[in-house]
Amino acid sequence: MSKPVMVNAYDPADADRVEPRTRKLIERREDVLGPGYRLFYREPLAVERGEGAHLFDADGNDYLDVYNNVPSVGHCHPHVVGAVHAQMQRLNTNTRYVQESLVAYSERLVATFPDELNRVTFTCTGSEANDLALRVARYHTGNQGVIVTEGAYHGLTSEVAAFSPSLGIGSPLGSHVRTIKAPDQRLAPGSMQDYMRDQIRGAIADLQRHGYGLAAFFADSIFSSDGVFSDPAGFLQPIVEEVHNAGGLYVADEVQPGFCRLGESWWGFQRHGITPDLVTIGKPMGNGIPVAAVIFRSEVTEDFGRNVRYFNTFGGSSVPIAAANAVLDVIEQEGLQERARTVGATLRSGIEEVLAPYDAVAEVRGIGYFLGVDIVDAAGDPDPVRAADLVNDLRNRRVLISASGPDGNVLKIRPPLAFSAADADRFLTELAAAGPVLKG
């Protein structure tokens, strides 16, 4: 029996619990949208507007957003809105015209990376970015194989879905794909490195045995879909070594952990003391305007760029670049990296304190504004039902989070960077009130 893709998803069988106005809109939605769409929460939320880390329904009720990383600097940030509006009034065209704004933004973006990562190609989505990264890796290495973690999510194109195990058995992995287990944070740093090294060696050997070789290892450096793993810092170093020894490339998928979300650095991979060969970014980059990118070591992309025609009509066009540039402005001017570091630390310690009385909480993990809470049953096994109960109880208290991990039992707490100390206080107050849901 397959596991549910979204344990806190709306079930049409529960339509009677939804207030009439929203239920009618859901019915219209189901009559016109394709069957692949899902809604969050047992009682879906109909939103009308957003501001900062808050969403509002038609009646003006304020919902605290502790989940959405796409509006990274806050819903409808006026600086981003103003930049997009101004650019729309001037020009919106593609990268085949010389535009100072594109070059200036690219220089500014690349400057946040290690010096070795000095070339950028723009796409519209993180899926496209990972698709392009795979194409470049295959071209550069001459190999086909891919290694990811068991619960990884890297996107939805056919190529990328083939190495996104979290999509479930309805989206099978490619024969060229091998998986390794997510980090085990119970291990000491040295043991963790040995654990990761042994796994990656085994996966590489199996790919070589079957004639694929290794093109790339892809990793989201917070392992968000695996259940949020961040410690101990440095456990990714042996993977880079083994990947390079096998002739492959290391791709850091920073779509979720990037743009200062972890507080300690701009990019999640940096806390592990590594420099990837390629980095993919997306979602938070334009605060909701579709824009994404791949950042490369120049030697990796040189032959591909010379010999392969790649063009994306909307990737890097004028309006998305204006949005992306404004996002960098806000992160720097409002000190959002420091906020993620300090308020994130307060948030994690507060969650640990509030949930300490409950045996159902196995562990609180993560760093900055990306935290996970592992919910288990009396036997210590994953408990997605109780995790979903807490997610939905918080939704009814007008606080929005979600759940992650292969079993859907890890609370996923990932607010916009605009999330303030006052927002953290509100979250902890409501979490304390919802905590009794975790009792057996």
Side-chain angles (χ1 to χ4, degrees), residues 130 133-134 137-138 140-154 162-166 172-254 256-257 262 268-279 362-363 365-367 372 374 376 380-382 404-407 409-410:
N130 280 322
L134 178 60
R138 284 176 165 170
H140 182 75
T141 66
N143 297 326
Q144 294 295 309
V146 176
I147 302 174
V148 294
T149 50
E150 287 182 341
Y153 171 75
H154 294 290
F163 61 90
S164 292
S166 68
L173 299 181
S175 61
H176 61 286
V177 176
R178 299 295 181 270
T179 64
I180 63 173
K181 294 183 182 298
D184 186 342
Q185 297 196 177
R186 296 168 296 181
L187 298 173
S191 298
M192 170 78 93
Q193 290 199 351
D194 291 341
Y195 172 78
M196 301 304 289
R197 189 186 297 276
D198 289 345
Q199 288 196 79
I200 197 73
R201 281 179 172 173
I204 289 169
D206 197 56
L207 285 172
Q208 291 172 338
R209 179 186 178 193
H210 288 85
Y212 293 110
L214 178 63
F217 172 77
F218 282 75
D220 156 8
S221 55
I222 195 70
F223 297 90
S224 53
S225 296
D226 288 283
V228 185
F229 297 95
S230 59
D231 295 317
F235 67 76
L236 291 174
Q237 291 175 357
I239 292 183
V240 176
E241 296 167 7
E242 297 298 333
V243 166
H244 286 167
N245 289 341
L249 300 181
Y250 187 104
V251 182
D253 182 338
E254 292 287 322
Q256 294 199 62
L262 306 189
F269 67 81
Q270 290 173 307
R271 69 186 305 270
H272 291 281
I274 64 174
T275 300
D277 301 295
L278 304 92
V279 179
E363 189 176 30
R365 300 190 287 263
I367 186 171
D374 199 347
V376 297
D381 295 323
S404 182
D407 296 287
N409 68 302
V410 180

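Every value quoted in this text rests on a predicted model; they were computed, and no experiment measured them.
- Evaluation of the side chain to side chain donor-acceptor pair (under 3.5 Å) rule for Asp198 yields no partner, not counting sequence neighbours.
- With sequence neighbours excluded, the residues that form a ring pair (Phe, Tyr, Trp, His ring centres under 6.0 Å) with Phe223 are Phe235.
- Scanning both residues, Asp226 and Gly151, for their nearest heavy atoms gives OD1-N, 2.7 Å.
- The main-chain N or O of Phe269 is found under 3.5 Å from a side-chain atom of Glu254 such that the two form a donor-acceptor pair.
- Under the side chain to side chain contact (heavy atoms under 4.5 Å, CB included) criterion, Val240 pairs with His244, Tyr250, Ile274, sequence neighbours left out.
- Residues satisfying the side chain to side chain contact (heavy atoms under 4.5 Å, CB included) criterion with Ala152, sequence neighbours excluded, are Val148, Thr149, His154, Pro165.
- Put simply, the side chain of Leu134 reaches to within 4.5 Å of the side chain of Phe218, judged on heavy atoms.
- Going from atom CZ of Arg271 over to atom OG of Ser221 covers 8.5 Å, rounded to the nearest 0.5 Å.
- Listed by chain and number, the residues in a side chain to side chain donor-acceptor pair (under 3.5 Å) with Arg197 are Glu241, Glu242 (sequence neighbours excluded).
- Sorted by first and then second residue, the ring pair (Phe, Tyr, Trp, His ring centres under 6.0 Å) pairs involving residues 185-216 (not counting sequence neighbours) form an empty list.
- Note: Phe217 CZ to Ile180 CD1 = 4.5 Å, rounded to the nearest 0.5 Å.
- For the side chain to side chain contact (heavy atoms under 4.5 Å, CB included) criterion with Val251, the lone passing option out of Val146, Leu278, Asp277 is Leu278.
- The salt bridge (Lys or Arg N to Asp or Glu O under 4.0 Å) test applied to Arg365 returns Glu363, Asp374, not counting sequence neighbours.
- His176 meets the ring pair (Phe, Tyr, Trp, His ring centres under 6.0 Å) test with no other residue; sequence neighbours excluded.
- Asp220 pairs by the salt bridge (Lys or Arg N to Asp or Glu O under 4.0 Å) definition with nothing, not counting sequence neighbours.
- Formation of a donor-acceptor pair under 3.5 Å by the Arg178 side chain with backbone atoms of Ile147 is not found in this model.
- For the atom pair CZ (Arg138) and CG (Leu249), the distance works out to 12.5 Å, reported to the nearest 0.5 Å.
- The CG atom of Asp231 sits 6.5 Å away from the CD1 atom of Ile367 when rounded to the nearest 0.5 Å.
- With contacts defined as side-chain heavy-atom distances shorter than 4.5 Å, the pair Pro406/Glu150 does not qualify.
- Scanning all heavy atoms of the two residues, the minimum distance from Gly234 to His272 falls at N-ND1, 2.9 Å.
- Taking the side chain to side chain contact (heavy atoms under 4.5 Å, CB included) definition, one finds that Gln193 meets it with Gln237, Pro238, sequence neighbours left out.
- Among residues two or more places apart in sequence or in another chain, the side chain to side chain donor-acceptor pair (under 3.5 Å) test is passed with Asp194 by none.
- Checked against side chain to side chain donor-acceptor pair (under 3.5 Å), Ser164 has no partners two or more places apart in sequence or in another chain.
- Separation of atoms CG (Asn245) and CD1 (Ile200) is listed at 11.5 Å; rounding is to 0.5 Å.
- Closest non-hydrogen pair, Ala215 versus Asn143, comes out as CB-O, 3.4 Å.
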